[in-house]
Protein chains: 2
Amino acid sequence: MPARSVAKAALSSDALCCDPLTEAPLSPGEADDLAQVLAALADPVRLRLLSIVAAQGEACSCNLEVPLGKSQPTISHHTRVLSEAGLIVGDRRGKWIWWRIVPDRLATLRRLLGGR
Amino acid sequence: MPARSVAKAALSSDALCCDPLTEAPLSPGEADDLAQVLAALADPVRLRLLSIVAAQGEACSCNLEVPLGKSQPTISHHTRVLSEAGLIVGDRRGKWIWWRIVPDRLATLRRLLGGR
DNA sequence: ACTATAGATCGACGTCCATCGATCCACAAG
DNA sequence: CTTGTGGATCGATGGACGTCGATCTATAGT
């Protein structure tokens, strides 16, 4: 089985390339892009989802309902938001979709938050 | 003039002390605290406000209305959200309030976003 | 083909939030 | 004390979002 990816990219791939926000004023467009990714992170359920996936390296949607205490449509909604923000990617293997985090995305975020 | 601070702390001062979300699953409480700070950042106007303050080192509320294109009550609302999240602090000097960023807060945020 | 299960989509509901006009409070200069 | 200005608060409004039941699609096994 070829393990097809189900990742979706809603944000233009070349977004989030600007300087850290502590370096120079953000343009409205840059601020919109960054706010969209931060909004994907700014939810307790999605943060816990992300931390579970990261801690396990990989997690299946069906294994997230119980620890997060949310219904299946809600889990599907949150994985969708996170994947559209580029923070996680999913591989369908058989009936299951296995999610893992995108380290580069978090690194980009950390850079934009002003380090260095 | 003694330059009194107008900073407000809405989040308990010892919050955001947990491990990076890539290290271990977040507890619901930790996720709530982190989500609150991220929500403060997840707005285009507040991101631009923050970047302007950071770029200038210090900025007065009255100098933010024009570049941000928002009304005075809206600017006041956004500075309130950011200061309650601990991301900026304000000093009242005379009639004006001068805002500056809190580098430690951004550093904490970067740490929680998984980097080392 | 039939059945069972994982996940996505739809529709609705309730809540939260960004925004702004109007108003009130704080401070400083006459 | 009065006036003018910077900022905070209030109330209303419109839109965005989290949540879930119901339903639809996709895949696997029999």
Side-chain angles (χ1 to χ4, degrees), chain A residues 1-8 10 28 31-32 35-50 53 58-85 88-100, chain B residues 1-8 10 28 31-32 35-50 53 58-85 88-100:
Chain A
M1 296 142 201
R4 301 165 300 166
S5 170
V6 292
K8 315 156 188 174
D32 284 342
Q36 183 180 335
V37 179
L38 288 170
L41 277 178
D43 179 273
V45 175
R46 287 195 286 270
L47 286 175
R48 292 172 58 208
L49 194 161
L50 212 57
V53 171
E58 229 175 20
C60 161
S61 294
C62 57
N63 292 332
L64 293 171
E65 299 181 28
V66 170
L68 293 176
K70 299 295 174 183
S71 68
Q72 179 269 322
T74 299
I75 300 296
S76 180
H77 164 69
H78 287 307
T79 52
R80 184 180 199 271
V81 172
L82 286 172
S83 74
E84 286 183 350
I88 60 175
V89 291
D91 281 327
R92 176 177 282 274
R93 297 205 280 269
K95 296 188 294 187
W96 303 275
I97 295 183
W98 292 87
W99 300 97
R100 61 179 190 279
Chain B
M1 292 141 199
R4 300 165 303 166
S5 169
V6 294
K8 315 155 188 175
D32 284 342
Q36 183 179 334
V37 179
L38 287 170
L41 276 178
D43 179 275
V45 175
R46 286 196 286 268
L47 286 174
R48 291 172 59 209
L49 194 162
L50 212 57
V53 171
E58 230 175 18
C60 162
S61 294
C62 57
N63 292 332
L64 292 170
E65 298 181 26
V66 171
L68 293 176
K70 300 294 174 183
S71 69
Q72 179 269 321
T74 299
I75 300 296
S76 180
H77 165 68
H78 287 308
T79 53
R80 184 180 200 272
V81 172
L82 287 172
S83 73
E84 286 184 349
I88 61 175
V89 290
D91 281 328
R92 176 177 283 273
R93 295 205 280 269
K95 295 188 296 187
W96 301 275
I97 295 182
W98 292 87
W99 300 98
R100 62 180 191 278

Selected nucleotide, minimal atom distance to B/Lys95 side chain, candidates D/dG7, D/dG4, C/dT5: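 Of the candidates, D/dG4 comes closest.
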[X] (side chain) donor-acceptor with [Y] (main chain) under 3.5 angstrom:
X       : Y       : result
B/Arg46 : B/Ala40 : yes
A/Arg48 : A/Pro67 : yes
B/Ser76 : B/Gln72 : no

Quick one: [X] [atom1] to [N] [atom2], roughly how many Å, whole number?
X       : N      : atom1 : atom2 : answer
B/Asp43 : C/dA18 : CG    : P     : 5 Å
A/Leu38 : C/dA18 : CG    : P     : 14 Å
B/Arg93 : C/dA28 : CZ    : C1'   : 16 Å
B/Leu49 : C/dT19 : CG    : C1'   : 15 Å
A/Asp32 : D/dA16 : CG    : P     : 13 Å
A/Trp96 : D/dT25 : CH2   : C1'   : 17 Å
B/Leu82 : C/dA18 : CG    : C1'   : 13 Å
A/Arg92 : C/dT5  : CZ    : P     : 16 Å

Does the pair A/Leu41 and A/Leu50 meet the rule for a side chain to side chain contact (heavy atoms under 4.5 Å, CB included), with working shown? CA-CA 9 Å; A/Leu41 277 178; A/Leu50 212 57; 3.4 Å; yes
Taking only side-chain N and O atoms of A/Arg46, does any of them lie within less than 4.0 angstrom of OP1 or OP2 on D/dG18?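 Answer is yes, contact under 4.0 Å.
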B/Arg80 side-chain N/O to D/dT9 phosphate OP1/OP2 under 4.0 Å: yes
Do you know which two heavy atoms are closest between A/Ala42 and B/Ala42, and how far apart they sit?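 Result for this residue pair: CB-CB, 4.4 Å.
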Which heavy-atom pair separates A/Val53 from A/Trp99 by the least distance, and what is that distance?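 Smallest heavy-atom distance, with atoms named: CG1-O, 3.3 Å.
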Taking only heavy atoms on the protein side, list every residue of residues 63-79 of chain B lying under 4.0 Å from any atom of DNA chain D, sorted numerically.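 Listed by number, they are B/Gln72, B/Pro73, B/Ser76.
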Taking atom NZ of A/Lys95 and atom OG of A/Ser61, what is their separation to the nearest 0.5 Å?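 Between atom NZ of A/Lys95 and atom OG of A/Ser61 there are 14.0 Å.
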